[in-house]
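Single-structure report; data block below.
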Amino acid sequence: MNRRTVLAVTTGALLLAACTGTGASSKGAEAEAADDPSKVSGTITVLTHRTDLVQDGTMKKYADEFSRTYPKVKVEFDAITDYEGEVKIRMNTENYGDVLMIPAVIEKKDYPRFFASLGTQAERSKTYRFTDYTTVDGKVYGQSPLGAISGFIYNKRVWQRAGITDWPTTPAAFLDDLKAIRSKTDAIPYYTNFKDMWPLTQWTQVNGSVSCDEQATTKLAEGDPWAEGADLRTADTLLYDIVHDGLVEKDPTTTNWEASKPRIAKGEIATMWLGSWAVIQMRDAAKQAGTDPDDIGFMPFPAQKDGTFCAVAQPDYNQAVNLHSEHKEAARAWIDWFTDKSGYAADNLALSPLKSAPLPDVLKPYEEAGVRILDLDDASGAEVKSIDNQSEIGLYKPDYRQDLVDLARGATKGSLDDFLNDLGRKWTETRKSLGS
């Protein structure tokens, strides 16, 4: 199973056939769940990327629990391996389930063409996190059932064996700690997951953590992400230094994501930058390997603002109601129940979308250390993705960071400053050309 994270990234052009189709305006009523569950009925199809949970019966258990509250609603799951590729094709028609995870290919401004509103942001934001990620003209069109926090997965036993007892507070201190791990243990200090590519995109989640700024996304839309002192320049510089100083696996082109899980559990790998969603996977790997799951720890990016660590909260896929569904009440009932009552976030040791919910156990160290959890303002998210796509940089794609790693390990020639400055030049030129 690959990452269960976050970022829905614009990966292609808008589906023209769906956008120009007819019928949406006549079906534009907001999806609502009836106050009386006994009056909600129908069979709904839920499209999901969680093939693993459908195959092992977990989703059926959720559906059975849901039916106790909504006895006249039958929930069927359509688990899709190539979720993005398959669903974007289906969305050229009106037949794309009753409930679905919003595919990355759909531009935010076009959500009203495909999905029924769940209500106003003004109201929903009082209760839920992540509402601005799917808000168009004040209305919310999707809700993530869980979230994740950015951070380093690490083997606490390995770090302690190297004599490290406190989280590093600066990139320089982090590098020193990795060097101590290299000299005092047999573990790989940092594992890039270079070959599987997608883990490299996780480094974009540093944005906001260094500056401790909830307007970090807005600043991407207005400035240069790789300016001196900017969050992404700090992140990419640290990644470069880790690789350049030989603190990674011998050959990044041979990494293996699935194999990395038992390796970090057994202490063969010390550290990986991922997100809180990965903790449960690494702890499960520890159980299977016969090691202590509590050895798997989680720490924030090594930077502080006024003596405080900050970490960014990000939504997983957002669930939405198909605008063309014949059972909008039932579909809305499923989304509300799955978000509020299912326990899905807790079952995955994930951040709940409910603002009133306590942090999961995996984030207790963050809570105890006073780490500030940031909910980034995503009002400029669509603008950022447009700049990213037009510039062909790929903030949420692995290519440019693979190039960065190649540069750091000497597989290509050039300087770090030239590399980052070139990214900044492309970004700002594109931003200006788009009138941002």
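Sequence positions, counted from 1, serve as the residue numbers for this chain.
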Please name the pair of heavy atoms, one in R401 and one in T204, separated by the smallest distance, quoted to 0.1 Å. NH1-OG1, 2.9 Å
Go through S144 and R129 one step at a time and tell me if the side chain to side chain donor-acceptor pair (under 3.5 Å) criterion holds. CA-CA 8 Å; S144 177; R129 294 180 183 267; over 6 Å; no
Measuring from L354:CG to L146:CG, what's the distance to the nearest 0.5 Å? 11.5 Å
Side chains of N318 and Y141: any donor to acceptor distance under 3.5 Å? no
Where do L274 and M282 land on the side chain to side chain contact (heavy atoms under 4.5 Å, CB included) test, with the steps shown first? CA-CA 11 Å; L274 290 165; M282 305 308 174; 3.8 Å; yes
When you measure from the side chain of D132 to the backbone N and O of T135, does any donor-acceptor pair fall under 3.5 Å? no
Would you please test W159 and T271 for side chain to side chain donor-acceptor pair (under 3.5 Å) and show each step? CA-CA 9 Å; W159 278 63; T271 324; 3.1 Å; yes
Worked check of salt bridge (charged side-chain N to carboxylate O under 4.0 Å, His left out) between E76 and K74: CA-CA 7 Å; E76 297 178 345; K74 181 180 180 182; 3.6 Å; yes
Between R50 and Y317, is there a side-chain donor-acceptor contact under 3.5 Å, judged purely by atom types and distance? no
Please determine which of L404, D406, V248, L407 meets the side-chain contact (heavy atoms from CB on, under 4.5 Å) test together with V243. V248
Taking the six-membered ring for Trp and the single ring otherwise, decide whether the centroids of F66 and F338 are under 6.0 Å apart. no
Euclidean distance, L359 CG relative to L349 CG, rounded to 0.5 Å: 12.5 Å
Correct closest heavy-atom pair for A311 and S150 would be CB-O, 3.9 Å
Working note: L118 + V321, criterion side chain to side chain contact (heavy atoms under 4.5 Å, CB included); need CA distance, chi angles, decisive distance, verdict. CA-CA 8 Å; L118 302 180; V321 174; 4.3 Å; yes
If only atom types and distance count, is the side chain of D231 paired as donor or acceptor with the main-chain N or O of S211 below 3.5 Å? yes
Under-4.0 Å salt bridge between D417 and R233: yes
Regarding E249 and T192, do their side chains bring together a donor and an acceptor under 3.5 Å, going by distance alone? yes
Taking D388 for the side chain and L395 for the main chain, is one N or O donor matched with an acceptor at less than 3.5 Å? yes
Can you check whether H244 reaches R409 side chain to side chain, under 4.5 Å on heavy atoms? no
Test ring-ring contact (aromatic ring centres under 6.0 Å, His included) applied to Y344 and W334, step by step: CA-CA 13 Å; Y344 179 68; W334 169 260; 9.5 Å; no
Indicate whether the side chain of D347 and that of Y62 have a donor and an acceptor atom separated by less than 3.5 Å. yes
With the side chain counted from C-beta on, respond yes when K139 and Y111 share a heavy-atom pair under 4.5 Å apart, and no when they do not. no
Any idea which heavy atoms bring C212 and K305 closest together, and the distance? CB-CB, 3.7 Å
Please assess T253 against K195 for the test side chain to side chain contact (heavy atoms under 4.5 Å, CB included), listing each intermediate value before the final yes or no. CA-CA 5 Å; T253 65; K195 185 179 179 182; 5.8 Å; no
Using atom types as modelled and distance alone, determine if a side-chain donor or acceptor of D377 lies under 3.5 Å from a backbone N or O of A379. yes
Output for pair (N421 CG, D224 CG), nearest 0.5 Å, gives 8.0 Å
State yes or no: are the ring centers of Y240 and F419 separated by less than 6.0 Å? no
Side-chain ion pair, E429 and K426, N-O less than 4.0 Å: no
Backbone N or O of A303 within a donor-acceptor pair of the T170 side chain at under 3.5 Å? no
Step-by-step side chain to side chain donor-acceptor pair (under 3.5 Å) determination, D56 to T58: CA-CA 6 Å; D56 69 11; T58 299; 2.7 Å; yes
Going by the ring-ring contact (aromatic ring centres under 6.0 Å, His included) test, name the single residue among Y154, Y366, F152 that passes it with F298. Y366
Paired with T218, the side-chain hydrogen bond (donor to acceptor under 3.5 Å, both in side chains) test is passed by just one of E222, E214, Q215, namely Q215
Between D340 and Y128, is any side-chain donor less than 3.5 angstrom from a side-chain acceptor? yes
State whether the side chain of T237 and the backbone N or O of T234 hold a donor-acceptor pair below 3.5 Å, judged by distance alone. no
Closest non-hydrogen atom pair, F174 against P302: CB-CG, 3.7 Å
Please round to the nearest 0.5 Å and tell me the distance separating atom OG of S433 and atom CZ of R431. 10.0 Å
Determine, for K88 against E84, whether the closest basic-nitrogen to carboxylate-oxygen distance falls under 4.0 angstrom. no
Using 0.5 Å steps for rounding, measure from the CG atom of L351 to the CD1 atom of I149. 4.5 Å
I'd like to know if the side chain of W427 reaches the main chain of L220, judged simply by a donor and an acceptor atom lying under 3.5 Å from each other, with no hydrogens or angles considered. yes
Taking atom OG1 of T217 and atom CG of L374, what is their separation to the nearest 0.5 Å? 10.5 Å
Close side-chain approach of K261 to Q281, heavy-atom, < 4.5 Å: yes
I'd like to check R113 versus L323 (side-chain heavy atoms, cut-off strictly below 4.5 Å). Are they in contact? no
Any side-chain donor-acceptor pair under 3.5 Å between D418 and S415? yes
Could you tell me whether a side-chain N or O of N193 sits under 3.5 Å from a main-chain N or O of P199, the two making a donor and an acceptor? no
Between E367 and K364, does the salt bridge (charged side-chain N to carboxylate O under 4.0 Å, His left out) criterion hold? Intermediate values first, please. CA-CA 5 Å; E367 188 173 37; K364 290 300 182 185; 3.4 Å; yes
Can a salt bridge be assigned to the pair R90 and D78 using a cut-off of 4.0 Å between side-chain N and carboxylate O? yes
For the residue pair A285 and A265, what are the closest heavy atoms and their distance? C-CB, 4.0 Å
Backbone of L175 reached by a side-chain donor or acceptor of D245 within 3.5 Å: no
Check whether any side-chain N or O of Y96 sits under 3.5 Å from a backbone N or O of F114 as a donor-acceptor pair, and report yes or no. yes
Taking every non-hydrogen atom, the tightest pair across Q304 and F309: NE2-CE1, 3.2 Å
Test N256 against Y191 for side chain to side chain donor-acceptor pair (under 3.5 Å), laying out the working first. CA-CA 10 Å; N256 184 299; Y191 197 73; over 6 Å; no
Stepwise, does the side chain to side chain contact (heavy atoms under 4.5 Å, CB included) test hold for T134 with K108? CA-CA 7 Å; T134 61; K108 188 175 180 180; 5.9 Å; no
